[in-house]
Structures are given as structure tokens and as C-alpha cells.
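Down below is the structure, laid out as C-alpha cells.
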Amino acid sequence: MGEIVGSEGMQSLAAQANRFPPELRSHDRFGNRIDTVEYHPAYHELMFLAFKAGLHSIAWTDERRGAWIGRAALNYLWNQGENGVACPVTMTFASVRVLRNEPSLTREWEAKVLACDYDPRPLPLAEKRAVTIGMAMTERQGGSDLRANSCRAVLSGDGEYELHGQKWFCSAPMSDAFFTLANTGEGLTCFFVPRSLPDGGRNPFLIQRLKDKCGNRSNASSEIEYRGTRARIVGQEGRGIATLIEMAHLTRFDIVVACAGMMRAALNQAFHHALHRRAFGRRLAEQPLMQNVLADLALETEAAALLAFRLARAFDRSGDDEIERRLVRLMTPIAKYWLCKRLPPLVLEAMECLGGNGYVEEAPLARLYREAPLNGIWEGSGNVICLDVLRSLQKEPESMQALLGEIDLGDERLREPIRRVSALLRDPAQAEPQSRRIVESLALALQASLMVRHASRHAADAFCASRLDGDWGRAFGTLPAAVRCGELAERQRLAL
Ligand SMILES: Cc1cc2nc3c(=O)[nH]c(=O)nc-3n(C[C@H](O)[C@H](O)[C@H](O)COP(=O)(O)OP(=O)(O)OC[C@H]3O[C@@H](n4cnc5c(N)ncnc54)[C@H](O)[C@@H]3O)c2cc1C
């Protein structure tokens with residue numbers, strides 16, 4: 001995967017897939033609805049590379065311990081190359097857990113969901129070599145508050161349902177099937193919607209419009225309508241949100257790893273430029289103030305990677321280790337919130353390291369900059385994630401014990417943020433409005449404890465001084481005087 005992502009070919013595919021975005025063909029020339037999205041060949045090539053590598057599947061198919069970490073490593077690398085394709089990959093990966101709620105669906109679909117292949121042809125399942133899965137939950141009146149969903153499900157004679165209503169944000173609409181939510185009258189229920197029917201016909205799935213997005217342009221996101229759309233019930237009737245929450249944990253995990261990978265991509269570009277560009281008689285990488293900027297970005301990137309891969313380890317072991325299972329529950333939203341918040345300013349600063357060259361489209365930083373805010377918005381925006389952390393702390397206090405066990409190394413620097421969190425949690429009136437502070441403090445304490453254990457002593461001290469002890473400015477490049485920035489930057493250069 002490293003070879004693929006680092007190749008000129010991949011860079012060129014990524015540039016093309018984003019320069020020539022997907023287009024909607026709603027009707028054929030005779031006026032019949034076809035609801036098809038046409039992608040540039042570069043997109044299909046990227047999809048093929050990702051699915052062939054098992055980016056969506058090896059965590060499920062390889063039973064060895066470490067498979068989830070291995071898959072996270074692939075995902076970390078992939079996101080240094082192209083991010084639009086990461087959306088269908090992640091949804092297909094995450095769908096497996098929900099699919100397994102329904103034995104008949106597992107029997108029919110799982111082998112083709114997990115196949116290391118990509119088959120974009122709009123055909124019934126039986127004729128496909130491999131399939132991809134999407135999810136359509138968000139409606140116009142609310143994405144965070146899914147209880148506001150108004151799509152209806154009507155039972156038809158053969159035990160299946162017909163759906164009616166609209167979804168406001170549905171990415172990768174050419175996926176072969178979708179998990180979705182609709183109300184049966186007994187409450188919101190999870191449904192499985194195939195795009196093709198077994199008789200070869202297309203299930204009504206009206207793509208009304210493609211979104212004109214800020215970034216993420218290679219990936220189509222659409223507004224769709226169900227009009228008598230055939231669907232199968234998944235999980236318990238009326239428990240749709242609970243059924244889909246399993247999928248949300250996995251997509252959030254992927255987002256964490258993706259953010260860490262995107263930070264690394266931005267840092268690589270900044271380093272590469274600083275090592276070759278000369279200004280005022282020296283290379284940029286030798287200028288003391290640029291060293292402070294690069295060292296600061298490198299600390300952020302290293303701490304992000306440690307957090308992402310600690311989470312991957314927790315997922316890997318959560319099946320047979322209760323503490324790791326609790327860590328998954330709490331660490332996933334904490335890491336999702338924090339890395340999503342740190343990514344945009346980091347990409348911005350990396351772009352500035354390239355000067356004017358960073359702001360033009362040929363450098364991948366412009367694309368990365370437009371992509372950077374997205375992960376913070378979908379699958380739980382910042383506030384919603386912080387409220388989710390609060391809920392977990394209340395419902396599962398054992399998760400907090402697991403997290404404290406992970407953080408507490410007997411190091412006084414790590415205890416201070418925990419004391420602040422405990423004080424905020426003691427006042428129920430303050431917990432909600434202060435929940436961003438709570439989550440941020442927990443994230444920083446966790447990252448610092450990982451840096452103390454796994455980074456160089458000097459890097460860990462610099463991280464703690466700046467991020468925990470407040471000896472830091474409000475922008476990157478403000479590490480305190482005691483930090484040997486040249487040395488930290490050099491360490492990262494060697495890792496390039
Ligand atoms: C590129 C892209 C792709 C997407 N793809 C899909 C997809 O494939 N399938 C799908 O179902 N959805 C998809 N979405 C939709 C996405 O999941 C929603 O936009 C997201 O869940 C937020 O919902 P919303 O837009 O309705 O915002 P709202 O729910 O209206 O939230 C607006 C803001 O209010 C905040 N907020 C909400 N409730 C509270 C509260 N109680 N207290 C404090 N603050 C609160 C939120 O954090 C957010 O910042 C996609 C979005 C994007 C941008």
C-alpha cells in the first residue's frame with residue numbers, strides 16, 4: 001500500500017478523480033429514469049486499488065490477532081493518497097457488523113461484500129463479483145437527531161417492505177445496497193435496500209441531485225427519494241438507531257485513522273518543501289523559526305498516529321478483553337472529536353510552509369485543505385460527539401475507569417487534566433456546556449500518556465509542556481525555548 005500511495009500514478013489518479021467529479025444521469029435519452037452516477041475512470045481505478053487490497057475487509061477475513069491494526073495501517077496509508085474513495089470503503093467495511101444481524105443477509109451478501117475485488121456494474125447480486133454498501137440516514141429536517149426521520153415503511157404481502165420518503169445526504173449512491181432508516185408505525189427501524197432486484201430490474205431509488213460540496217469531490221453525495229422502494233427489515237422493529245449505532249462506531253474508528261493519515265500527508269508535503277526550498281541563503285528546514293513550525297506539526301502528527309493506533313489495538317482486542325471493549329466505547333468518540341478538530345489547522349499550517357505553491361491546485365494540499373473539515377461533520381458533528389462521551393460516562397462509568405487506567409502512569413503532568421475533568425463532571429449543570437473541554441482534556445491526557453510511553457523522551461516532554469502545561473501560543477510554531485526543534489524536525493525527516 002505504501003508503494004501504491006507513494007507512486008506518481010496514484011497521485012495522478014487522485015488529482016484526476018477530483019478534477020473531473022461525478023455527474024448525475026437521472027434519465028436516459030427516451031426520458032426513462034436511470035438514476036445513474038457516472039464517474040471518471042480514475043475514480044474506478046482508485047476503487048479497484050482500494051478494494052483489491054482488502055482495505056474494506058481484512059479486519060473481518062483475517063482471524064489473526066492484529067488484523068484490525070493491519071487494516072488500520074492500510075487505511076492510514078490510503079488516506080495519504082486520496083480521501084473520496086475512503087468513504088465507500090469505510091461504509092462497506094462498517095456494514096459487515098450490521099449485516100451480521102440478519103442471517104439471511106449474511107448468507108447472501110457477505111462473501112461479495114468481503115471480496116477483494118471491485119465490480120461497478122449495476123447488476124443484481126447474483127451476477128456481481130463484488131459489492132459495496134452505503135448508508136442513508138440523514139433527512140432534511142435533521143441528521144444528528146435521527147428521531148426526526150419521516151421516511152415511512154409499509155409492509156407488503158410477501159413480508160418485505162416498501163419505503164416512501166426522502167434522504168438528504170446519501171454518499172456513494174452507486175453502492176449496491178444501503179442501510180437506511182424508516183418508520184413502520186412501531187418506531188424507526190433499520191432496513192436494507194438493494195439497488196437491483198433479483199429479477200434484474202432496478203429498485204426505485206431516485207437520485208434527485210448531487211451535492212456541490214466544498215471538497216471530497218471525487219465522491220458523489222446525493223439527495224435521494226424512495227418511492228415504493230423494496231426493503232428488508234434488519235434487527236428489531238422500532239430499534240433502528242440502536243441497530244445502526246454499531247456501524248457508526250466503526251465509521252468513527254475509520255475517521256480517526258483517516259485524520260491521522262491526512263495529518264501525515266500534510267506534514268510530508270511541508271517537510272519535503274522545507275528540505276528543498278532555499279530562502280535567505282539557507283534551506284527552509286534549517287531556519288530556526290521554520291524548525292519550530294515543523295517540530296510542532298510533527299508532534300501533533302505523531303500524537304495523532306499514536307492515538308489512532310491505540311484505538312485500533314483496542315478494537316483488535318475488544319472481542320476477548322473487557323477493558324479493551326470499554327476503551328473502544330469511550331476512546332472512539334474522544335479520538336474522533338479531537339483529531340477532527342486538529343486536522344484543519346494543521347493542514348492550513350502545512351500549506352503555509354509551501355508559500356504560494358501550497359495554494360495552487362497542483363500541490364495536493366489544496367485538495368487536502370478542502371477535505372479536512374469533512375470528517376468533523378459527518379458521523380457525529382463535534383457537539384454531538386461530546387454529548388455522546390458524556391452519555392457514556394454516565395451510563396458506563398467503568399469505561400472511565402478503563403480510560404484512567406490507560407492514562408495514569410503516575411506522571412503528575414498527566415494527572416492535572418484528569419483533575420480538571422473530574423471537577424467539571426461533579427457539577428451536572430456545567431457538564432453539558434463544558435463537554436468540549438472535558439473531551440479535549442481527556443484526549444490530550446491520552447495522547448500525552450501515549451507520547452510518554454512510545455515517543456522519544458524529548459518529544460514527549462515537548463508535547464506535555466505545550467499541550468498540557470500551557471507553555472504554548474495559539475498557533476503552530478510556538479513551542480517553548482527549551483524544545484530542541486531542529487532535533488525533533490530532523491527525527492521526522494528521517495522517517496520520511
Ligand atoms: C460530505 C458528506 C457526506 C455525507 N454522507 C452521508 C451519507 O452517506 N449518509 C448519511 O446518512 N448522511 C451523510 N451525511 C450527512 C451527515 O451525516 C450530517 O450532515 C450530520 O449527521 C449532521 O447532521 P445535519 O447536517 O442535519 O446537522 P444538524 O443535525 O442540524 O446539526 C447542526 C449542528 O448542530 C449541532 N447540534 C446538533 N444537536 C445538538 C445539541 N443537542 N447540542 C448542541 N449542538 C447540537 C451539531 O453538532 C452540528 O454542528 C454526509 C455529510 C457530508 C458533509
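Note that this is a predicted model, so its numbers are computed, not measured. Ligands are counted one by one from 1 in listed order, and the atoms in each one are counted from 1 as well.
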shortest atom 18 (C) of ligand 1-to-protein heavy-atom contact is with T138 OG1, 3.9 Å

Could you walk me through whether F178 and F205 pass ring-ring contact (aromatic ring centres under 6.0 Å, His included), step by step? CA-CA 11 Å; F178 292 82; F205 189 97; 4.9 Å; yes

Atom 9 (N) of ligand 1 protein-contacted, heavy-atom criterion under 4.0 angstrom: yes

4.0 Å heavy-atom contact, G134 with ligand 1: no

Below a 4.0 angstrom heavy-atom separation, can you tell me which part of K211, side chain or backbone, both or neither, approaches ligand 1? neither

Of the choices S435, A148, S144, P373, which has the non-hydrogen atom that lies closest to atom 27 (O) of ligand 1? S144

For the residue pair T189 and E237, confirm or rule out a side-chain donor-acceptor distance under 3.5 Å. no

Quick one: look up the protein heavy atom nearest atom 39 (C) of ligand 1 and list residue, atom name and how far away it is. V384 CG2, 4.5 Å

If I apply the N/O under 3.5 Å rule, does K213 come out as touching ligand 1? no

Evaluating non-hydrogen atoms only, which member of F169, F179, W168 is closest to atom 7 (C) of ligand 1? F169

Start with the C-alpha gap between Y39 and H44, add the side-chain angles, then the distance that decides, and say whether ring-ring contact (aromatic ring centres under 6.0 Å, His included) holds. CA-CA 7 Å; Y39 294 89; H44 290 300; 5.7 Å; yes

Looking at atom 30 (O) of ligand 1, tell me if a protein heavy atom falls under 4.0 Å from it. no

Does the ring-ring contact (aromatic ring centres under 6.0 Å, His included) test come out yes or no for W378 and F169, once each step is laid out? CA-CA 10 Å; W378 83 293; F169 240 116; 9.9 Å; no

Strictly inside 4.0 angstrom of atom 46 (C) of ligand 1, do you find any protein heavy atom? yes

Does an N or O anywhere in W378 fall below 3.5 Å from an N or O of ligand 1? no

Going by the atom numbers of ligand 1, which of them fall below 4.0 Å from some non-hydrogen atom of M137? 10 (C), 11 (O)

Cation over ring, R71 on F93, under 6.0 Å and within 45°? yes

Please state which option from G143, A172, G376, S171 has its nearest heavy atom closest to atom 24 (P) of ligand 1. G143

Please work out whether the ring planes of W472 and F476 are parallel, tilted or perpendicular, with thresholds of 30° and 60°. perpendicular

Among D119, V131, D117, T132, exactly one meets side chain to side chain contact (heavy atoms under 4.5 Å, CB included) together with K112. Which residue is that? V131

Nitrogen or oxygen atoms of G382 and ligand 1 under 3.5 Å apart: no

Any cation-pi pair here, R313 with W68, using under 6.0 Å and within 45°? no

Note: ligand 1 atoms sitting under 4.0 Å from heavy atoms of I377 are 20 (C)

Can you confirm, on distance only, whether ligand 1 has an N/O atom lying under 3.5 Å from any N/O atom belonging to M135? yes

Donor on one side chain, acceptor on other, S392 and R329, under 3.5 Å: yes

Aromatic contact between F192 and F179, with the criterion being ring centroids under 6.0 Å apart: yes or no? yes

Within the 4.0 Å heavy-atom shell around L387, which atoms of ligand 1 are there? 40 (C), 41 (N), 42 (N)

Under 6.0 Å between the ring centres of Y76 and F309? yes

Under-4.0 Å heavy-atom contact between protein and atom 33 (C) of ligand 1: no

Checking contacts now, so for atom 12 (N) of ligand 1, which I'm interested in, is there any protein heavy atom under 4.0 Å? yes

Among protein heavy atoms, which lies nearest atom 49 (O) of ligand 1, and at what distance? S381 CB, 3.7 Å

Would you mind telling me which of R140, K211, Q166 makes a side chain to side chain donor-acceptor pair (under 3.5 Å) with E223? K211

Find out whether I207 and E225 are in side-chain contact, i.e. whether some heavy atom of one side chain is under 4.5 Å from a heavy atom of the other. no

Is it the side chain (CB and beyond), the backbone, both or neither of N219 that lies under 4.0 Å from ligand 1, heavy atoms counted? neither

Just distances here: any N/O of N383 and N/O of ligand 1 closer than 3.5 Å? yes

